[in-house]
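Structure first, commentary second.
What you see is a predicted model, and the numbers here were worked out from it, not measured in a lab.
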Protein chains: 2
Amino acid sequence: MENNLEKYADVANCPVRNVLDRFGDKWSTLVLLLLDEAAVMRFNELHKAINGISQKMLAVTLKTLEADGLIIRTQYPEIPPRVEYKLSKRGASLLPHIQNLVQWANTNFDAIEESRASYKR
Amino acid sequence: MENNLEKYADVANCPVRNVLDRFGDKWSTLVLLLLDEAAVMRFNELHKAINGISQKMLAVTLKTLEADGLIIRTQYPEIPPRVEYKLSKRGASLLPHIQNLVQWANTNFDAIEESRASYKR
DNA sequence: GTTATTAGCTTACTTTTGGTAAGTAAAGGT
DNA sequence: ACCTTTACTTACCAAAAGTAAGCTAATAAC
């Protein structure tokens with residue numbers, strides 16, 4: 001049993017940690033969900049769609065998602081500039097799992113809120 | 001379409017955000033995975049199993065997981081104290097989804113690492 | 001009588017993350 | 001000459017998360 005547990009011990013190069021960290025952040029999942037619905041979106045579209053995100057945070061989020069190969073950025077040499085974002089194959093393969101979590105979250109949200117409210121000490 | 005997107009706009013009381021935030025943190029998933037394997041674990045067992053977590057962070061993590069009703073804490077009035085943690089039904093119902101993500105992370109880890117390494121600008 | 005055990009709590013400190021506001025570039029309209 | 005548009009970047013600041021180390025309390029072992 002001790003051996004079985006060791007599996008998760010090494011946080012630094014744990015695939016799970018390393019990947020989960022990426023959409024454990026504040027905005028990544030939101031971006032992925034939006035891109036899943038809309039097929040293609042521009043920077044300002046995303047900025048308007050995600051109420052509360054700053055331009056900086058959106059830029060950072062998009063950049064790391066692109067770096068991980070989860071989304072594809074296409075820029076057209078026009079002026080004013082046009083940049084489009086869409087899900088990559090890899091991103092699309094991740095999405096069903098996120099959707100499952102979303103569904104779980106939706107069905108369990110009320111109960112969890114209650115638990116939190118009644119939790120003392 | 002604009003309407004469709006609005007769904008995710010209100011971050012504050014979005015069930016998705018609100019729940020995903022909870023195990024988007026650094027340690028929660030690890031604790032849940034461990035408890036899934038071991039059925040029952042004590043504080044120090046967890047502390048040893050999760051290499052790198054501090055006592056404070058473990059305490060905080062366990063407390064929020066308990067508050068959300070994902071784990072059950074049972075304390076025995078002995079000295080020295082004995083406290084046992086296990087998954088609740090709700091926690092157990094979440095676990096398959098996390099396992100799916102873990103699997104996705106494992107199969108895609110190498111490719112993502114490569115993407116990250118070759119990503120410039 | 002000192003030390004170890006257990007499950008934390010507390011304090012002080014550092015690091016990471018997120019947010020605000022302003023600036024940039026290049027061309028086209030007025 | 002100046003404003004607008006788009007997709008960012010930069011500098012700065014606040015808040016959240018994480019770390020290290022010490023404290024507690026009761027008992028049993030040495």
How close do [X] and [Y] get, counting heavy atoms only, and between which atoms?
X	Y	value
B:M41	B:L46	SD-CD2, 3.8 Å
B:Q55	B:F43	O-CZ, 3.8 Å
A:S93	A:P96	O-CD, 3.5 Å
A:L34	A:A49	CD1-CB, 4.0 Å

Contact state string [nucleotides 18-30 of chain C, B base, S sugar-phosphate only, - no protein heavy atom under 4.0 Å]: BBB-B---BS---
C:dA7 OP1/OP2 closer than 4.0 Å to side-chain N/O of B:R42: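 Answer yes for this pair, as a side-chain N or O of B:R42 is under 4.0 Å from OP1 or OP2.
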Touch class at under 4.0 angstrom, heavy-atom based, for B:Y85 against every strand present: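 Sugar-phosphate contact only - B:Y85 comes under 4.0 Å of backbone atoms but never of a base.
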Between [N] ([atom2]) and [X] ([atom1]): distance, integer Å:
X	N	atom1	atom2	answer
B:F43	C:dC9	CZ	C1'	10 Å
A:H47	D:dT9	NE2	C1'	14 Å
B:R73	C:dT6	CZ	P	16 Å
B:L58	D:dA17	CG	C1'	15 Å
B:E84	C:dT6	CD	P	13 Å
B:Q75	C:dG8	CD	P	7 Å
A:K63	C:dT17	NZ	C1'	16 Å
A:E78	D:dA7	CD	C1'	13 Å

Divergence of helical axes at both termini of the helix from C:dG1-D:dC30 to C:dT30-D:dA1 - five pairs an end, 10° steps: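 Comparing the axis at each end, I get an angle of 30°.
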N/O donor-acceptor pair under 3.5 Å between A:H97 side chain and B:H97 backbone: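 A pair under 3.5 Å: no.
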Donor-acceptor contact present, side-chain A:R73 to main-chain A:L62, <3.5 Å: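 No; zero donor-acceptor contacts below 3.5 Å.
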Hydrophobic cluster membership, B:L70 vs B:V83, 4.5 Å side-chain cutoff: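 Yes, B:L70 connects to B:V83 through the hydrophobic network.
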Counterpart residues, side-chain contact (heavy atoms from CB on, under 4.5 Å), relative to A:R42 (two or more places apart):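 Per chain and number, A:R42 pairs via side-chain contact (heavy atoms from CB on, under 4.5 Å) with A:E45, A:R82, A:E84.
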Heavy-atom side-chain contact between B:I53 and B:H47 under 4.5 Å: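 Counting from C-beta outward, B:I53 and B:H47 do come under 4.5 Å.
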